Enquirer: 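The following block contains the structure, expressed as C-alpha cells.
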Amino acid sequence: MTTADQSTPPQCPRCNGPLALFDGDTGGRSRATPGRSVEVCGLCCQSEAILAAAGVELVPPAEWPVPANTLVVWPTGAGSAG
Ligand SMILES: [Zn+2]
C-alpha cells in the first residue's frame, strides 16, 4: 500500500491524540470553546457531552491538553471486566 500524502495526520488539540480515530472520522466540535469553533476528536467530543450532561464543568481550552486517560466514555457494555 502506498500513499501519496505523507503529511502528519491532524491531532486533537484537547487530548493530543489523533483527530480521526478511523478512516472518515470527522470527530466533533468542543462545546468548551466559544461557538464550538475548535474541532476535537470523537472521544473528546463524547467526553465533553457526558460531562456536560452530568453538570460537570468542562476543561477550558486554555488548560488543554487533557490527559487521554481522564476522558469519560460510554461503557461498552458486554464483556467488560472491571
Ligand atoms: Zn481528543
Side-chain angles (χ1 to χ4, degrees):
M1 233 169 84
T2 56
T3 310
D5 183 10
Q6 293 292 328
S7 60
T8 309
Q11 267 194 329
C12 170
R14 189 171 183 275
C15 70
N16 277 348
L19 196 57
L21 302 178
F22 51 86
D23 195 29
D25 184 13
T26 55
R29 292 178 181 277
S30 171
R31 58 185 69 208
T33 59
R36 298 196 183 188
S37 54
V38 176
E39 207 177 333
V40 295
C41 75
L43 284 179
C44 282
C45 190
Q46 185 181 111
S47 183
E48 285 192 337
I50 295 170
L51 292 175
V56 178
E57 196 173 334
L58 300 177
V59 180
E63 292 175 24
W64 292 356
V66 178
N69 62 4
T70 65
L71 298 182
V72 181
V73 295
W74 294 117
T76 51
S80 175

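As the structure is a prediction and not an experimental result, all values here were calculated from the model. In listed order, ligands and their atoms are each counted from 1. Reckoned from all heavy atoms, side chains included, excluding hydrogens, waters and symmetry mates.
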Enquirer: If the test is side chain to side chain contact (heavy atoms under 4.5 Å, CB included), which one of Cys15, Ser30, Pro13 qualifies with Cys44?
Expert: Cys15
Enquirer: Could you measure the distance from the CD atom of Glu39 to the OG1 atom of Thr26? Nearest 0.5 Å is fine.
Expert: 7.0 Å
Enquirer: Would Cys45 count as a contact for the Zn ion (ligand 1), in the sense that one of its N, O or S atoms lies under 2.8 Å from it?
Expert: no
Enquirer: Are the side chains of Asn16 and Trp64 in contact, using a 4.5 Å heavy-atom criterion?
Expert: no
Enquirer: Quick check: do Arg14 and Leu43 have side-chain heavy atoms less than 4.5 Å from each other?
Expert: no
Enquirer: Would you give the angle at the Zn ion (ligand 1) between Cys41 atom SG and Cys15 atom SG, to the nearest 10°?
Expert: 110°
Enquirer: Once rounded to 10°, what is the value of the angle centred on the Zn ion (ligand 1) between Cys44 SG and Cys12 SG?
Expert: 110°
